[in-house]
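First the structure, in the form of structure tokens, and then the observations on it.
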There are 2 protein chains.
Amino acid sequence: MEKGNRVLAFECGNYIGQTIILKGWVHRVRHLKSVSFIILKDRTGYIQCVLENQFAGMKIENESAIVIKGIAAATGQQQNGVEIIVEDISILSKSETLPFEVNKKELDANLDLILNHRLISMRNERTQAIFKIQSAITGAFQEFMRRNGFMQMFTPKLVAQGAEGGANVFKLDYFGKEAFLAQSPQLYKQMMVAAGYERVYEIAPVFRAEQHNSSRHLNEYTSLDAEMGFIEGFEEIMEMENEALVHIFQYLKETCGNELAALECEVPDLGEFPRITLEQAHEILQESFGKSSPEGDLDGEGELLICKYVQETYESPFVFITHYPVETRPMYTMPDLEQPGKTKSFDLLFRGTEITSGGQRIHEYELLEKSLEEKGLNPLEFESYLNTFKYGAPPHGGFAIGLERLTAKLLGLNNVREASAFPRDCDRLVP
Amino acid sequence: MEKGNRVLAFECGNYIGQTIILKGWVHRVRHLKSVSFIILKDRTGYIQCVLENQFAGMKIENESAIVIKGIAAATGQQQNGVEIIVEDISILSKSETLPFEVNKKELDANLDLILNHRLISMRNERTQAIFKIQSAITGAFQEFMRRNGFMQMFTPKLVAQGAEGGANVFKLDYFGKEAFLAQSPQLYKQMMVAAGYERVYEIAPVFRAEQHNSSRHLNEYTSLDAEMGFIEGFEEIMEMENEALVHIFQYLKETCGNELAALECEVPDLGEFPRITLEQAHEILQESFGKSSPEGDLDGEGELLICKYVQETYESPFVFITHYPVETRPMYTMPDLEQPGKTKSFDLLFRGTEITSGGQRIHEYELLEKSLEEKGLNPLEFESYLNTFKYGAPPHGGFAIGLERLTAKLLGLNNVREASAFPRDCDRLVP
């Protein structure tokens with residue numbers, strides 16, 4: 001029970017025979033001859049309210065915010081075994097007629113309309129489930145990180161330099177100086193590890209001024225970033241991310257039953273994710289699918305096919321692709337001295353899409369300076385970052401998960417925009 | 001024990017008599033005639049390592065990252081009852097001589113130097129304690145929010161309109177359109193409440209393009225935002241924030257003993273925070289301190305004096321100041337119909353500084369439209385926000401806590417910059 005003696009939908013069963021107060025929205029109204037039914041929804045679920053006598057036939061718009069006083073009565077008719085016999089009802093805030101119906105399973109509107117009327121489409125049960133699950137994903141991630149000794153950090157989004165050298169960044173005027181919006185907390189998380197925190201994580205927006213308007217890109221998204229020091233090898237990072245995802249998926253199964261059911265989503269059981277080198281992946285694509293790949297990378301089709309192959313061969317929806325060449329990875333990536341030209345890096349693919357980049361970073365000053373130069377970057381512009389590695393920076397690495405992509409892939413959404421409350425793309429800045 | 005059989009400083013006591021592996025940084029070295037001592041630090045604490053025989057007198061720079069293999073031995077000399085007799089030591093990453101010493105209690109450098117060399121100053125025990133406590137504050141906030149049915153949300157920082165109408169916002173070009181950096185998630189959190197989530201919170205950066213370079217302002221800071229629907233009155237919001245802070249402070253006492261001790265900080269016991277109307281506050285300032293106040297607000301000195309008064313009178317370091325006039329509050333603030341000209345709003349002061357603004361919001365379309373116009377704003381520019389209130393928006397309100405200010409005030413830091421890992425002010429965009 002909340003302040004003001006309000007009872008929530010999910011706990012009505014505890015009050016059988018008692019008069020209680022409910023607050024929520026009108027999900028649906030049904031009128032019979034001498035009785036009406038309102039399905040009331042609040043943040044915890046749905047409850048049937050029975051309107052008899054003077055209340056029967058009451059006119060009330062769907063989605064209006066209401067307060068109901070009534071007796072909780074046991075019933076065999078409802079799944080949760082309880083309904084409310086209404087004794088009093090008042091409208092807190094009347095709804096106008098909606099631009100499209102939200103109490104159906106699927107919204108009968110195209111994605112543009114859904115996003116333009118986000119505050120309407122959000123009222124749909126399946127849409128709400130997406131964001132409740134997303135909130136649970138971050139909650140589980142944080143719990144896992146804390147348990148493993150990672151400290152939550154908050155690093156600036158207004159920066160003087162891009163993490164990878166300046167492409168695809170939003171620029172702005174900062175009190176007369178040129179500033180950028182951070183593409184990632186990459187440099188800061190490395191700096192925090194080196195400064196003695198060892199293990200840090202951040203959950204924060206990142207900004208990419210990329211022009212492509214695809215179903216898998218957003219110009220602003222939420223990044224789950226982690227970085228850890230004193231590693232023995234970059235396998236430890238993959239292990240940590242693997243364990244994090246196992247924990248998250250387990251947590252969703254335990255806490256999001258209703259939401260997963262609404263989305264008809266079955267959370268897969270996860271074991272150890274297979275690891276395949278990029279070279280092997282290229283071979284598999286060539287041999288099994290007759291497909292050639294771009295130099296040093298996978299393209300979208302390649303990611304799809306490799307995931308198909310891995311699902312069939314190893315029954316895993318996740319796969320690590322490792323050892324990308326130096327040319328296709330950022331300046332901070334640790335080269336693999338045993339495999340010249342290759343790096344200690346990985347991507348994590350999930351159901352056909354890359355959801356993570358990660359790897360070991362360079363922790364030696366001279367090597368990092370050289371790497372910057374080889375990437376055509378000016379070490380002077382990275383001075384404060386570079387200086388970090390003069391003062392006892394341990395071997396370290398990390399990963400970053402795109403929250404919206406993970407959510408979309410897990411829930412089987414066709415477009416990453418559906419996993420963002422207020423998505424930002426080249427054409428969309430409102431609402 | 002971690003991967004690679006690494007033992008952490010805080011758990012060495014569990015391995016007495018065993019050979020263990022430690023990784024960390026050299027906090028301090030001390031050479032005696034035939035024996036040397038290294039205090040090794042890792043993310044969990046400090047441990048003394050004894051270098052005898054061939055290791056005695058070893059030259060090693062403070063802050064170098066090292067690996068030590070040695071036997072954990074019981075000792076009465078150390079607080080934690082254990083020290084490590086070194087059998088092997090290797091340097092992972094050598095440190096150069098530091099620009100200033102970090103292993104003293106206080107850093108012997110001014111704030112500018114400390115912030116310019118953030119990755120050095122961060123290695124100081126007290127500085128580290130600040131950010132570990134800050135991480136604990138957000139962890140406790142999240143736990144409290146989750147327990148109380150709040151969903152974590154992620155709203156865009158790239159927006160088409162400022163929350164309060166356009167002053168003090170950073171502007172940028174967004175694919176040919178004008179965009180702003182969000183000053184707060186205010187409009188979005190209201191929209192999410194109305195869309196059926198009822199209770200939402202967000203922990204995210206906010207951006208203020210304010211020119212003043214004071215000890216209490218940052219141009220980018222972390223905001224702990226919460227918003228709740230179906231409230232009976234704005235007192236409920238104050239109650240929720242009060243309870244959140246009680247929980248946070250209790251959590252810090254339970255989990256951050258070492259960090260609080262390093263900072264010599266005693267976390268105060270909290271009860272119910274006193275509530276004083278702004279009018280009463282003005283009277284108190286006049287009567288007790290002979291001080292007049294600016295119309296409809298408190299100035300910095302007034303905040304200090306009111307907090308002094310409240311601490312002495314009610315023994316509370318927190319005080320809610322309520323009922324600010326319509327003129328000094330934003331357009332979404334609910335007016336108090338029983339006290340014309342006043343609003344259902346509050347600030348929360350902590351030890352002389354405002355750390356929160358909050359209050360009930362307008363949930364009626366016509367009233368909100370009128371309020372926008374009275375503030376000289378164009379309702380058309382707020383269309384998607386305004387439309388929210390056509391479709392059954394319940395009474396609601398919320399609050400926002402400035403994380404760095406809360407941290408600074410709790411820990412007795414003189415400048416809010418000390419509570420930001422990488423502070424942003426008019427002159428500071430690096431590191």
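Below, chain A is the first sequence line, B the second, and so on; all start at residue 1.
Below 30°, between 30° and 60°, or above 60°: for B:Phe170 and A:Tyr174 the angle between ring planes is below 30°, a parallel geometry. By the 30° and 60° cut-offs, the orientation of the rings of A:His396 relative to A:Phe389 is parallel.
In this structure, the portion of B:Glu210 lying under 4.5 Å from any heavy atom of chain A is its backbone and not its side chain. Within the 4.5 angstrom heavy-atom criterion, only backbone atoms of B:Glu178 (N, CA, C, O) approach chain A. At a 4.5 Å heavy-atom cutoff, the contact between B:Met192 and chain A is made by backbone and side-chain atoms alike. For chain A, the nearby part of B:Ile66 is the backbone; its heavy atoms alone come within less than 4.5 Å. With a 4.5 angstrom heavy-atom cutoff, B:Val193 touches chain A only via backbone atoms. In this structure, no portion of B:Arg118 lies under 4.5 Å from any heavy atom of chain A. Neither the backbone nor the side chain of B:Ala204 comes within less than 4.5 Å of any heavy atom of chain A. Only the side chain of B:Pro395 comes within less than 4.5 Å of a heavy atom in chain A; its backbone stays farther off. The parts of A:Pro394 that come within reach of chain B are both its backbone and its side chain, each placing non-hydrogen atoms under 4.5 angstrom from that chain. With a threshold of 4.5 angstrom between heavy atoms, B:Tyr221 does not approach chain A through any atom at all. Interface residue B:Thr155: backbone and side-chain heavy atoms are both found under 4.5 Å from chain A. For a residue to count as touching a neighbouring chain, one of its non-hydrogen atoms must lie under 4.5 Å from one of that chain's; by this rule A:Thr97 touches chain B with the backbone only. Of the two parts of B:Glu239, only the side chain, counted from C-beta on, holds a non-hydrogen atom closer than 4.5 Å to a non-hydrogen atom of chain A. Interface remark: A:Tyr385 contributes no atoms to any contact with chain B (heavy atom separation under 4.5 Å). Interface remark: B:Thr127 contributes backbone atoms only to the contact with chain A (heavy atom separation under 4.5 Å). Of the two parts of B:Arg146, only the side chain, counted from C-beta on, holds a non-hydrogen atom closer than 4.5 Å to a non-hydrogen atom of chain A. Using a 4.5 Å cut-off between heavy atoms, B:Asp42 contacts chain A through both its backbone and its side chain.
By number of non-hydrogen pairs under 4.5 angstrom with chain B, the leading residue of A:Met122, A:Lys94, A:Gln128 is A:Gln128. Between chain A and the options B:Asn116, B:Thr222, B:Leu158, the largest number of non-hydrogen pairs under 4.5 Å is found for B:Leu158. Taking chain A as the reference chain and counting heavy-atom pairs below 4.5 Å, the highest number among B:Met240, B:His363, B:Glu404, B:Gln211 is found for B:Gln211. Contact count against chain B (heavy-atom pairs under 4.5 Å) is highest for A:Ala194 among A:Ala209, A:Ala179, A:Ala194, A:Ala421. Between chain B and the residues A:Pro423, A:Pro431, A:Cys426, A:Pro205, the largest count of heavy-atom pairs under 4.5 Å involves A:Cys426. Contacts with chain B were tallied for A:Asn124, A:Leu98, A:Ile231; A:Leu98 has the most, counting heavy-atom pairs under 4.5 Å. Annotation: maximal heavy-atom pairing with chain B below 4.5 Å, among A:Ala136, A:Gly196, A:Ala65, occurs at A:Gly196. Between chain B and the options A:Ser64, A:Ser384, A:Pro156, A:Gly149, the largest number of non-hydrogen pairs under 4.5 Å is found for A:Pro156. Ranked by heavy-atom pairs under 4.5 Å with chain A, the first of B:Asp173, B:Leu119, B:Asn148, B:Leu172 is B:Leu119. Looking only at heavy-atom pairs under 4.5 Å with chain A, the residue among B:Asn387, B:Ile203, B:Leu181 that has the most is B:Leu181. The candidate with the highest count of non-hydrogen atom pairs below 4.5 Å against chain A, out of B:Leu429, B:Leu403, B:Leu8, is B:Leu429. Interface summary for chain A: among B:Glu364, B:Arg199, B:Lys177, the most heavy-atom pairs under 4.5 angstrom belong to B:Arg199.
Taking CD1 of A:Ile120 as the reference point, atom OG of A:Ser95 lies at 7.0 Å (rounded to 0.5 Å). Interatomic distance, CE of A:Met145 versus CZ of A:Phe150, reported as 5.0 Å (0.5 Å rounding). The CD atom of A:Gln190 sits 8.5 Å away from the OG1 atom of A:Thr388 when rounded to the nearest 0.5 Å. Taking CD of A:Glu125 as the reference point, atom CD of A:Glu259 lies at 8.5 Å (rounded to 0.5 Å).
Ion pairing of A:Glu202 with A:Lys157 is present here, as a side-chain N (NZ or NE/NH1/NH2) and a carboxylate O approach within less than 4.0 Å. Look at A:Lys41 and A:Glu63 and you find a salt bridge, because one of the NZ, NE, NH1 or NH2 atoms lies within 4.0 Å of a carboxylate O, short of that distance. Using a 4.0 Å cut-off between charged nitrogen and carboxylate oxygen, B:Arg417 and B:Glu220 do not count as a salt-bridge pair. A salt bridge between B:Glu232 and A:Lys23 is present, with a side-chain N of the basic residue lying under 4.0 Å from a carboxylate O of the acidic one.
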Worksheet entry | Check against side chain to side chain donor-acceptor pair (under 3.5 Å), A:Arg428 and A:Asn219 | CA-CA 10 Å; A:Arg428 185 171 290 282; A:Asn219 293 104; over 6 Å; no
message: Evaluate A:Glu198 against B:Arg6 for salt bridge (charged side-chain N to carboxylate O under 4.0 Å, His left out), listing each step before the verdict.
response: CA-CA 13 Å; A:Glu198 275 194 45; B:Arg6 174 190 181 192; 3.0 Å; yes
Pair A:Thr138-B:Gln152, side chain to side chain donor-acceptor pair (under 3.5 Å): steps then yes or no
CA-CA 8 Å; A:Thr138 56; B:Gln152 186 168 14; 3.1 Å; yes
task: Begin from the C-alpha positions of B:Thr407 and B:Gln134 and carry the test side chain to side chain donor-acceptor pair (under 3.5 Å) through to its verdict.
output: CA-CA 6 Å; B:Thr407 310; B:Gln134 192 165 70; 3.1 Å; yes
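For A:Tyr46 and A:Trp25, the gap between ring centers reaches or exceeds 6.0 Å.
Across B:Asn103 and B:His27, no two heavy atoms sit closer than the pair ND2-O, 2.8 Å.
A:Glu96 meets the side chain to side chain contact (heavy atoms under 4.5 Å, CB included) test with B:Lys390, B:Tyr391; sequence neighbours excluded.
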